[in-house]
Colleague: 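Submitted below is the structure of interest, expressed as structure tokens.
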Amino acid sequence: MVVTPHLGASTAEAQDRAGVVTAEQVTAALTGDVVTNAVNIVAVRPEEMEALAPFVPLCEKLGRLAQGLGNGSIDRVVAEFGGPIAENETRLRGIAVLVGILSGHTEEPVNLVNAPQMAEQRGIDLVEQRDVISDDFTELVRVRIESGDEEVEVAGTGVGPRNEPYLVSVWGEGFYLPFADHLAVFRYTDQPGMIGRVGTAFGEEGVNIISAAVGAEVSGDRAVMALTTDAPVQQSTIDKILQLDGFSVGRAVDL
């Protein structure tokens, strides 16, 4: 990736400032932060960056999670932004969703510059939707992956002064869970002891549960369980859990 800041300077003071900005942008590129002035990435006004940048990691995580919960085939990606974040330019956050979806599934590294082209080459359409009103959370990002008649939808928000990424919905069920590097999600029959069964299976593999949350149907017997762990969960463990009575779907995703 070539980072070329848009800079022009006619005075000594302006030239000094240009040098500082250039150094800041190069540092951002090398450390994986958002580069705001590169000529080959969507432009973002400096006043928008404070509101924009904290949600880029959330968008990437949601994209990666949605991809991991799907069947691998993607036709269309819908990125919805609700609340005050919808008032600003959303293109960069939509691209961040694509970065999460494509990461680990391409021969070359994916970033905010090449993600749109790589998605286009794979026939993936990105649709962005904005609504300045968010009923459930002050600010909300919802990602939906469509493949034929199948859909996978996840949602998240930023929490606290640093807008730490939190997962708030998977498969239509809501909860409140901080993201971690390793995540497992199950759909199951809502009955006592199900979290304990998962914990036992994870313990046999030597994996500790960091946090867990459950979202259950208001009227019905189905529920969704999301857990973060301190190590990757092997597919063999997921398969073992799915053989237990009441479990219907299970996925482990490394973010």
Side-chain angles (χ1 to χ4, degrees), residues 1-4 28-36 38-44 52-53 55-82 85-86 88-131 140-156 165 167 169-172 179-185 187 226 232-235 238 249-255:
M1 178 179 70
V2 177
V3 180
T4 307
L30 293 176
T31 57
D33 289 337
V34 178
V35 180
T36 60
V39 298
N40 51 352
I41 195 172
V42 59
V44 179
L52 169 65
F55 285 88
V56 169
L58 170 64
C59 292
E60 290 189 13
K61 291 179 185 297
L62 290 173
R64 190 156 189 141
L65 176 60
Q67 194 281 333
L69 296 178
N71 60 18
S73 175
I74 301 174
D75 298 327
R76 187 169 181 257
V77 177
V78 179
E80 301 178 11
F81 304 98
I85 58 172
N88 300 318
E89 169 62 47
T90 61
R91 179 60 177 168
L92 193 59
R93 280 171 288 202
I95 295 175
V97 171
L98 291 179
V99 171
I101 290 172
L102 295 172
S103 294
H105 302 279
T106 61
E107 295 182 356
E108 61 180 298
V110 185
N111 53 53
L112 293 170
V113 174
N114 62 16
Q117 180 181 9
M118 297 177 74
E120 183 179 359
Q121 292 172 346
R122 288 159 176 77
I124 300 174
D125 293 326
L126 172 64
V127 177
E128 298 173 32
Q129 299 177 350
R130 294 192 286 180
D131 189 343
L140 184 70
V141 179
R142 191 183 308 275
V143 174
R144 184 169 70 253
I145 287 180
E146 301 176 357
S147 177
D149 296 332
E150 295 185 10
E151 293 184 355
V152 174
E153 184 175 285
V154 298
L167 180 65
S169 176
V170 173
W171 291 328
F179 272 101
D181 291 340
H182 313 291
L183 188 71
V185 184
R187 188 189 295 276
V233 179
Q234 300 301 315
Q235 184 59 45
I238 298 295
V249 183
R251 296 283 193 278
V253 182
D254 296 326
L255 303 178

Colleague: Hey, are the side chains of V233 and H182 touching, using non-hydrogen atoms and a 4.5 Å cut-off?
Modeller: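 V233 vs H182: side chains apart.
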
Colleague: Check whether R142 reaches the backbone of E153 with its side chain - one donor and one acceptor, N or O, closer than 3.5 Å.
Modeller: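 Absent.
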
Colleague: May I ask you to test the M118-V110 pair for a side-chain heavy-atom distance under 4.5 Å?
Modeller: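 A side-chain contact under 4.5 Å exists here.
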
Colleague: Taking the side chain as everything from C-beta on, heavy atoms only, tell me whether I95 gets closer than 4.5 Å to E128.
Modeller: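 They are not in side-chain contact.
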
Colleague: Could you go step by step and tell me if R93 and V141 meet the side chain to side chain contact (heavy atoms under 4.5 Å, CB included) rule?
Modeller: CA-CA 9 Å; R93 280 171 288 202; V141 179; 5.7 Å; no

Colleague: Answer yes or no: does atom CD of Q121 have more than 12 heavy-atom neighbours from other residues, nucleotides or ligands under 6.0 Å?
Modeller: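 Buried by this count: over 12 neighbours within 6.0 Å.
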
Colleague: Please assess D131 against E80 for the test side chain to side chain contact (heavy atoms under 4.5 Å, CB included), listing each intermediate value before the final yes or no.
Modeller: CA-CA 8 Å; D131 189 343; E80 301 178 11; over 6 Å; no

Colleague: State, yes or no, whether a side-chain contact exists between L102 and H105 at a heavy-atom distance under 4.5 Å.
Modeller: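 L102 vs H105: side chains apart.
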
Colleague: In Å, rounded to the nearest 0.5 Å, how long is the span from CG of L98 to CD of E120?
Modeller: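 Here the interatomic distance stands at 11.0 Å.
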
Colleague: Got V99 and L112 here, is their nearest side-chain heavy-atom distance under 4.5 Å?
Modeller: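 When only atoms from C-beta onward are counted, L112 and V99 do touch, with a gap below 4.5 Å.
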
Colleague: Between R144 and E146, does a salt bridge (charged side-chain N to carboxylate O under 4.0 Å, His left out) hold up when you go through it step by step?
Modeller: CA-CA 6 Å; R144 184 169 70 253; E146 301 176 357; 3.1 Å; yes

Colleague: If we only count heavy atoms from C-beta on, is the V56 to E60 side-chain gap below 4.5 Å?
Modeller: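 In short, these two side chains touch, coming nearer than 4.5 Å.
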
Colleague: Is the number of heavy atoms from other residues, nucleotides or ligands within 6.0 Å of CD (Q235) greater than 12?
Modeller: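 More than 12 heavy atoms, drawn from other residues, nucleotides or ligands, come within 6.0 Å of this atom.
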
Colleague: List the atom of N114, the atom of P109, and the distance in Å for their closest heavy-atom pair.
Modeller: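 Answer, listing the atom of N114 first, then P109: ND2-O, 3.1 Å.
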
Colleague: So which heavy atom on T106 is nearest to which on E108, and how close?
Modeller: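 Looking at all heavy atoms of both residues, the closest pair is OG1-O, 2.6 Å.
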
Colleague: Quick check for you: to the nearest 0.5 Å, what is the distance between R76 atom CZ and L126 atom CG?
Modeller: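 If I round to the nearest 0.5 Å, the distance is 9.5 Å.
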
Colleague: Do other residues, nucleotides or ligands put more than 12 heavy atoms under 6.0 Å from the CD atom of E150?
Modeller: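 Atom CD in E150 is not crowded, with 12 or fewer foreign heavy atoms closer than 6.0 Å.
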
Colleague: Run the side chain to side chain contact (heavy atoms under 4.5 Å, CB included) test on Q67 and V154 for me, step by step, so that the C-alpha distance in whole Å, both residues' side-chain angles and the decisive distance to 0.1 Å come before the verdict.
Modeller: CA-CA 10 Å; Q67 194 281 333; V154 298; over 6 Å; no

Colleague: Going through the distances and angles, do V152 and V143 end up as a side chain to side chain contact (heavy atoms under 4.5 Å, CB included)?
Modeller: CA-CA 8 Å; V152 174; V143 174; over 6 Å; no

Colleague: Are any non-hydrogen side-chain atoms of K61 and L183 less than 4.5 angstrom apart?
Modeller: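 Sidechains of L183 and K61: no contact.
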
Colleague: Answer whether the closest heavy-atom distance between the side chains of F55 and L92 falls below 4.5 Å.
Modeller: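 Not touching, per the 4.5 Å side-chain cut-off.
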
Colleague: Using atom types as modelled and distance alone, determine if a side-chain donor or acceptor of S169 lies under 3.5 Å from a backbone N or O of A155.
Modeller: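 A pair under 3.5 Å: no.
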
Colleague: To the nearest 0.5 Å, what is the distance between CG on L58 and CD1 on I85?
Modeller: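 Separation between the atoms: 7.5 Å.
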
